[in-house]
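Index from 1, following the sequence.
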Amino acid sequence: TESEFEELVRAVNMVPEGFDAICLVWDYGNSDRNEDKEVKVFQSLHRLFGDRLLEHLVIVVTHAQEEDIPEFVEELSKPMQKIISVRNYVVAIENKPQRD
């Protein structure tokens with residue numbers, strides 16, 4: 001929404017020296033349900049940063065292991081696959097509860 005975009009602009013303005021990384025966090029277990037939301041977030045970030053976004057974007061996939069990343073990328077829509085293919089900065093974080 002426009003108010004969320006304005007909040008994003010305010011956050012960016014609080015870091016005048018710029019960013020080293022911009023993380024888009026994606027839950028592996030809910031990736032199919034959340035893709036539309038994540039695409040909208042990406043579009044808002046792209047609106048704000050332009051193509052410079054791709055220089056700083058890191059996609060963090062939670063509840064996943066590194067070996068899950070190819071499947072995760074394959075199941076994304078073609079536009080998101082294209083975005084990821086530009087720099088392919090996708091990392092997995094295995095933050096699943098440990099079982100005894």
Side-chain angles (χ1 to χ4, degrees):
T1 67
E2 196 60 33
S3 64
E4 291 168 328
F5 181 75
E6 290 170 7
E7 186 68 26
L8 185 59
V9 170
R10 278 194 294 280
V12 168
N13 288 333
M14 292 192 315
V15 187
E17 63 276 0
F19 291 92
D20 293 324
I22 299 168
C23 297
L24 180 59
V25 179
W26 208 311
D27 184 344
Y28 180 71
N30 293 313
S31 59
D32 55 339
R33 290 187 308 179
N34 293 331
E35 185 171 357
D36 289 342
K37 177 181 145 193
E38 302 302 340
V39 168
K40 288 178 184 174
V41 169
F42 174 83
Q43 289 170 338
S44 292
L45 290 169
H46 190 264
R47 181 175 155 199
L48 181 60
F49 293 103
D51 289 339
R52 292 181 318 132
L53 171 64
L54 299 178
E55 298 170 15
H56 302 282
L57 183 65
V58 176
I59 297 176
V60 178
V61 183
T62 62
H63 302 101
Q65 297 177 347
E66 283 299 320
E67 57 264 19
D68 296 325
I69 296 300
E71 177 185 346
F72 168 79
V73 172
E74 185 177 300
E75 292 178 2
L76 292 175
S77 66
K78 294 297 180 196
M80 286 305 292
Q81 287 179 1
K82 185 175 180 181
I83 290 163
I84 289 173
S85 72
V86 172
R87 294 219 33 230
N88 198 25
Y89 277 26
V90 181
V91 296
I93 295 180
E94 185 180 359
N95 54 341
K96 299 175 185 176
Q98 292 187 353
R99 305 201 191 272
D100 294 330

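- Annotation: side chain to side chain contact (heavy atoms under 4.5 Å, CB included) contacts of Val58 (sequence neighbours excluded): Ala21, Cys23, Val60, Tyr89, Val91.
- Partners of Gln43 under the side chain to side chain donor-acceptor pair (under 3.5 Å) rule, at least two apart in sequence or in another chain, do not exist in this structure.
- For Asp20, the CG atom sits in a loose shell: 12 or fewer heavy atoms of surrounding residues, nucleotides or ligands are nearer than 6.0 Å.
- Glu66 contributes a side-chain N or O that, together with a main-chain N or O of Ala92, makes up a donor-acceptor pair within less than 3.5 Å.
- When each of Ile93, Asn95, Asp68 is tested with His63 by the rule side chain to side chain contact (heavy atoms under 4.5 Å, CB included), just one qualifies, namely Asn95.
- In this structure, CD1 in Ile59 is found 5.5 Å from CG in Leu24, a value given to the nearest 0.5 Å.
- Taking the six-membered ring where the residue is Trp, Tyr28 and Phe72 present tilted rings, their angle falling between 30° and 60°.
- Not one N or O on the side chain of Glu94 forms a donor-acceptor pair closer than 3.5 Å with the backbone of Gln65.
- With values rounded to the nearest 0.5 angstrom, Arg52 atom CZ is found 13.0 Å from Leu57 atom CG.
- No more than 12 heavy-atom neighbours from other residues, nucleotides or ligands sit within 6.0 angstrom of CD on Glu74.
- Rounding to the nearest 0.5 Å gives a distance of 5.0 Å between CG of Leu53 and CZ of Phe42.
- Judged as a side chain to side chain contact (heavy atoms under 4.5 Å, CB included), and not counting sequence neighbours, the contacts of Glu7 are Arg10.
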